[in-house]
Amino acid sequence: MCVNETEAMIFSGQEKELDCNNDKEIKDLFKILLQKCPTVIITLGEKGAAYATKTIPSVFDLVDAPKVEKGSYKNTIKPCSCYKVMDIW
C-alpha cells in the first residue's frame, strides 16, 4: 500500500491530521495499516516518505525527499502521453 498522509489517516480510521514530526504517531499509524497490508509506504510531501513491513511492524524507516529548485527539472511527459500508452494496452 502506498498512500499519502491524508489517505493513510482515512484508511486507518483516524479523523485528525497526521503530525509528520511525531514518530510515535507514525508508528501507531503503521500498526493499524500493517494489519491490512504487508508493506506500507506513506508519502510525506517535502518531508519524504516513511515505510514499514509486517515482518518488523515496530520499526519504520524515513526517506528524505530531495530538494528540487524551481526550473531545475524538465517535464518530459507530453500532455497526452499517458493516453497513448493506455491505447496500446
Side-chain angles (χ1 to χ4, degrees):
M1 169 187 271
C2 181
V3 293
N4 65 31
E5 326 159 39
T6 304
E7 293 164 336
M9 297 306 280
I10 292 168
F11 290 140
S12 66
Q14 305 294 316
E15 294 183 8
K16 61 185 182 101
E17 212 172 287
L18 175 65
D19 178 2
C20 298
N21 297 313
N22 185 332
D23 285 356
K24 182 185 179 327
E25 204 169 300
I26 294 172
K27 185 185 278 189
D28 291 345
L29 188 57
F30 275 123
K31 283 181 187 176
I32 295 168
L33 295 175
L34 287 169
Q35 292 175 9
K36 302 172 185 185
C37 296
T39 301
V40 177
I41 301 166
I42 303 172
T43 60
L44 305 170
E46 65 184 30
K47 294 187 185 300
Y51 69 94
T53 63
K54 195 176 264 189
T55 55
I56 311 174
S58 61
V59 177
F60 71 90
D61 288 316
L62 289 171
V63 179
D64 292 331
K67 297 282 184 205
V68 178
E69 299 296 325
K70 186 176 180 179
S72 67
Y73 61 92
K74 183 178 180 182
N75 184 355
T76 58
I77 300 174
K78 295 179 183 173
C80 294
S81 294
C82 61
Y83 298 110
K84 289 178 184 176
V85 169
M86 294 307 289
D87 285 343
I88 294 169
W89 288 48

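Worth knowing before you read on, the calculation uses all heavy atoms, side chains too, and leaves out hydrogens, waters and symmetry mates.
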Q: Looking only at heavy atoms, what is the nearest atom pair of F11 and V3, with distance?
A: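 In terms of heavy atoms, the two residues are closest at CE1-CG1, 3.5 Å.
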
Q: Side-chain contact, heavy-atom cut-off 4.5 Å: M9 with E17?
A: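 Of all side-chain heavy-atom pairs linking E17 with M9, none is under 4.5 Å.
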
Q: Does the side chain of K24 reach to within under 4.5 Å of the side chain of D28, using non-hydrogen atoms?
A: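 SC-SC contact between K24 and D28 confirmed.
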
Q: For a quick test of reading the model, state the closest non-hydrogen atom pair linking G45 to A65 and the distance between them.
A: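 Here G45 and A65 meet closest at O-CB, 3.9 Å.
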
Q: Rounded to the nearest 0.5 Å, how far does OG1 of T6 lie from CD1 of I42?
A: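 These two atoms lie 11.0 Å from each other.
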
Q: Give me the atom names and distance for the closest heavy-atom approach of L34 to A52.
A: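 Answer, listing the atom of L34 first, then A52: CD2-O, 3.8 Å.
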
Q: Kindly give the heavy-atom pair with the smallest separation between A50 and F60, and that separation in Å.
A: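 Nearest heavy atoms, A50 then F60: CB-CD1, 4.1 Å.
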
Q: Nearest heavy-atom pair of I41 and A49: which atoms, and what distance?
A: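 Minimum heavy-atom contact is CG2-CB, 4.4 Å.
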
Q: To the nearest 0.5 Å, what is the distance between NZ (K36) and OG (S12)?
A: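 Going from the NZ atom of K36 to the OG atom of S12 covers 7.0 Å.
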
Q: Given the rule that I, L, V, M, F, W and Y join up when any side-chain heavy atoms are under 4.5 Å apart, are L29 and L62 in one cluster?
A: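 Yes, L29 connects to L62 through the hydrophobic network.
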
Q: Would E5 and K47 count as a salt bridge (Lys or Arg N to Asp or Glu O under 4.0 Å) here? Give the steps.
A: CA-CA 11 Å; E5 326 159 39; K47 294 187 185 300; over 6 Å; no

Q: Measure the shortest side-chain to side-chain distance between I10 and E7 over non-hydrogen atoms and say whether it is less than 4.5 angstrom.
A: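 They are not in contact (no side-chain heavy atoms under 4.5 Å apart), so the answer is no.
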
Q: Start with the C-alpha distance between E25 and Q14, add both sets of side-chain angles, then the distance that settles side chain to side chain contact (heavy atoms under 4.5 Å, CB included), and finish with yes or no.
A: CA-CA 11 Å; E25 204 169 300; Q14 305 294 316; over 6 Å; no

Q: Distance from C37 atom SG to K54 atom NZ, nearest 0.5 Å?
A: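 Going from SG on C37 over to NZ on K54, the span is 7.5 Å.
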
Q: Looking at every heavy atom in both I26 and D19, which two are closest together, and how far apart are they?
A: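 For I26 versus D19, the nearest heavy atoms are CG1-O, 4.4 Å.
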
